[in-house]
**Q** 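Sending over a structure as structure tokens; questions will come in a sec.
Fair warning: this is a prediction, and the values are worked out from it, not measured in the lab. Letters go in sequence order (proteins before strands), and every chain restarts at 1.
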There are 2 protein chains.
Amino acid sequence: MKTRNTIQKNLIKNTVLNLKNHPSAEEIYSEIIKTNPSVSKGTVYRNLGILADNGEILRIEMPNSPDRFDFRLEKHYHIQCDNCGKVFDLDVPCIEELEHIKDKEFLVTGYQLVFKGICKECKEG
Amino acid sequence: MKTRNTIQKNLIKNTVLNLKNHPSAEEIYSEIIKTNPSVSKGTVYRNLGILADNGEILRIEMPNSPDRFDFRLEKHYHIQCDNCGKVFDLDVPCIEELEHIKDKEFLVTGYQLVFKGICKECKEG
DNA sequence: CTTAATGCAAAAGCTTTGCAGCCGC
DNA sequence: GCGGCTGCAAAGCTTTTGCATTAAG
């Protein structure tokens with residue numbers, strides 16, 4: 001099965017690259033239809049999945065809130081504000097210990113780590 | 001607002017304590033209606049939330065799969081099999097580094113960490 | 001009695017999917 | 001022209017919620 005280059009796919013990828021926050025599929029969709037109102041939400045979801053599977057963008061699986069997408073591909077961590085729900089990069093070094101977890105029975109292939117807290121704005125507001 | 005002791009609430013708590021795997025709300029519900037078919041799913045969800053808020057059980061927020069509940073209250077980590085979806089305790093010490101993450105702007109209040117991998121059964125099967 | 005909690009069913013929130021038509025190659 | 005991709009809408013999955021009724025204290 002050979003994949004094709006569609007304007008939708010490029011649009012979706014570029015939108016993630018340009019929206020440098022950590023947009024959800026819904027936010028990406030909203031941004032896209034500002035200029036291309038005929039693009040459908042299903043296509044956005046489909047292509048975000050494809051792009052993430054290809055390693056062109058990063059999918060951040062959030063606990064009990066919609067997945068976010070990130071243009072930064074290097075390993076780094078995220079924090080979500082319990083109050084406003086916004087997601088930010090956390091500026092801490094990679095935790096080596098996490099990379100070397102082993103188990104007698106399990107073949108460990110990865111992990112998902114998301115911090116929670118209260119962001120600056122919400123603390124002050 | 002004073003809370004009441006209902007047979008449903010006790011039933012739900014005991015079911016989590018007895019099902020020592022890491023049941024989802026759905027699994028807890030299925031188990032309960034074996035003996036108490038009139039208990040409703042809404043009540044199960046409601047009470048699991050209350051019990052978790054009270055610290056009587058632990059809610060494990062899973063990435064892209066239903067929340068799980070755990071009778072073990074001490075800090076420990078979980079791993080989910082990518083293949084069969086089952087959740088297990090991971091037998092590793094608490095990672096101290098994770099407990100001391102600080103940020104200039106964020107007030108860090110916690111984190112959610114779930115490992116992924118392939119379980120023994122799925123490796124062999 | 002008072003009112004918190006339940007059962008039921010509907011709805012909400014996010015995401016996936018079936019299908020007919022469209023368009024990249 | 002072939003068949004992968006799209007738009008649309010419907011459905012799926014997990015969880016929450018509104019409301020009349022039940023039952024705990």
Side-chain angles (χ1 to χ4, degrees), chain A residues 1-16 22-54 56-69 80 84-87 112 114, chain B residues 1-16 22-54 56-69 80 84-87 112 114:
Chain A
M1 181 187 67
K2 191 155 60 166
T3 69
R4 290 176 185 173
N5 249 339
T6 62
I7 52 171
Q8 289 89 339
K9 183 178 293 180
N10 289 324
L11 195 51
I12 291 161
K13 179 169 179 183
N14 288 332
T15 304
V16 177
H22 299 81
S24 62
E26 188 67 40
E27 286 162 349
I28 293 160
Y29 172 70
S30 301
E31 186 63 24
I32 283 175
I33 58 170
K34 285 184 191 167
T35 51
N36 297 68
S38 67
V39 173
S40 78
K41 199 178 281 190
T43 295
V44 172
Y45 274 96
R46 252 184 307 237
N47 278 297
L48 287 171
I50 292 167
L51 290 166
D53 289 348
N54 290 350
E56 300 182 60
I57 62 174
L58 205 69
R59 178 195 292 269
I60 319 170
E61 298 183 325
M62 304 298 299
N64 295 332
S65 75
D67 283 0
R68 306 306 191 100
F69 296 88
Q80 181 171 38
C84 66
K86 288 201 190 105
V87 176
Q112 185 256 34
V114 177
Chain B
M1 182 186 71
K2 191 156 62 168
T3 69
R4 291 175 184 173
N5 249 339
T6 62
I7 53 173
Q8 289 88 341
K9 183 178 290 176
N10 290 323
L11 195 53
I12 290 161
K13 179 169 179 183
N14 289 332
T15 304
V16 177
H22 298 81
S24 62
E26 187 67 41
E27 287 162 348
I28 293 160
Y29 172 70
S30 300
E31 185 63 24
I32 283 174
I33 58 170
K34 285 184 192 167
T35 51
N36 298 68
S38 67
V39 173
S40 78
K41 200 179 281 191
T43 295
V44 172
Y45 273 95
R46 251 183 308 238
N47 278 297
L48 286 171
I50 292 167
L51 290 165
D53 289 349
N54 290 350
E56 300 182 60
I57 61 174
L58 206 70
R59 178 195 291 269
I60 320 170
E61 299 183 324
M62 305 297 298
N64 294 332
S65 75
D67 284 359
R68 305 307 191 99
F69 296 88
Q80 182 171 38
C84 66
K86 288 200 191 104
V87 176
Q112 186 255 34
V114 177

**Q** Mind calculating the distance between CE (B/M62) and P (D/dT15) to the nearest angstrom?
**A** 11 Å
**Q** Once you round it to whole Å, what is the distance between C1' of D/dT14 and CZ of B/R59?
**A** 11 Å
**Q** Is there a side-chain contact (heavy atoms from CB on, under 4.5 Å) between A/F69 and A/H22 once you walk through the steps?
**A** CA-CA 6 Å; A/F69 296 88; A/H22 299 81; over 6 Å; no
**Q** How many whole angstroms separate atom CD of A/Q8 from atom P of D/dG4?
**A** 17 Å
**Q** For B/D67, answer base if it contacts any base atom (sugar-phosphate contacts may also be present), sugar-phosphate if it contacts only those atoms, and nothing otherwise; contact means non-hydrogen atoms under 4.0 Å.
**A** sugar-phosphate
**Q** Using side-chain heavy atoms (C-beta onward) and a distance below 4.5 Å, is A/P63 in contact with A/Q112?
**A** yes
**Q** Could you state the interatomic distance from CG (B/N14) to CD1 (B/I32), rounded to the nearest 0.5 Å?
**A** 9.5 Å
**Q** A side-chain contact here means heavy atoms from C-beta on lying under 4.5 Å apart; do B/L51 and B/V16 qualify?
**A** no
**Q** Could you report the tightest heavy-atom contact between A/G49 and A/R59, atom names first, then the distance?
**A** CA-NH2, 3.6 Å
**Q** Please give, in whole Å, the distance from D/dT16 P to A/N64 CG?
**A** 8 Å
**Q** Please report the end-to-end axis angle for the helix from C/dC1-D/dG25 to C/dC25-D/dG1, five pairs per end, rounded to 10 degrees.
**A** 30°
**Q** Please report the closest heavy-atom contact between A/M62 and A/V114, naming both atoms and the distance.
**A** CE-CG1, 3.7 Å
**Q** Could you check how far NZ of A/K41 sits from P of D/dA9, rounded to whole Å?
**A** 12 Å
**Q** Strictly by side-chain hydrogen bond (donor to acceptor under 3.5 Å, both in side chains), give each pair with a member in residues 32-41 of chain B just once, sequence neighbours left out.
**A** B/E26-B/K41, B/E31-B/K34, B/S40-B/T43
**Q** Restricting to side-chain hydrogen bond (donor to acceptor under 3.5 Å, both in side chains), what partner residues turn up for B/N54, sequence neighbours left out?
**A** B/E56
**Q** Shoot me the first and last contacting nucleotide of DNA chain C against chain A, ordered 5' to 3', at under 4.0 angstrom to non-hydrogen atoms.
**A** C/dC14 to C/dC25
**Q** Quick one: label A/S38 by what it contacts on the DNA or RNA (base, sugar-phosphate, nothing), any heavy atom closer than 4.0 Å.
**A** sugar-phosphate
**Q** Just to verify, what does B/N5 make a side chain to side chain contact (heavy atoms under 4.5 Å, CB included) with, not counting sequence neighbours?
**A** B/N10
**Q** List the atom of B/G85, the atom of B/R68, and the distance in Å for their closest heavy-atom pair.
**A** O-NH2, 3.1 Å
**Q** Taking side chain as C-beta onward, heavy atoms only, is B/I50 less than 4.5 Å from B/N47?
**A** yes
**Q** If the sugar-phosphate is the primed atoms plus P, OP1 and OP2 and the base is the rest, what is the B/S/- string for nucleotides 17-25 of chain D, using protein heavy atoms under 4.0 Å?
**A** BB----BBS
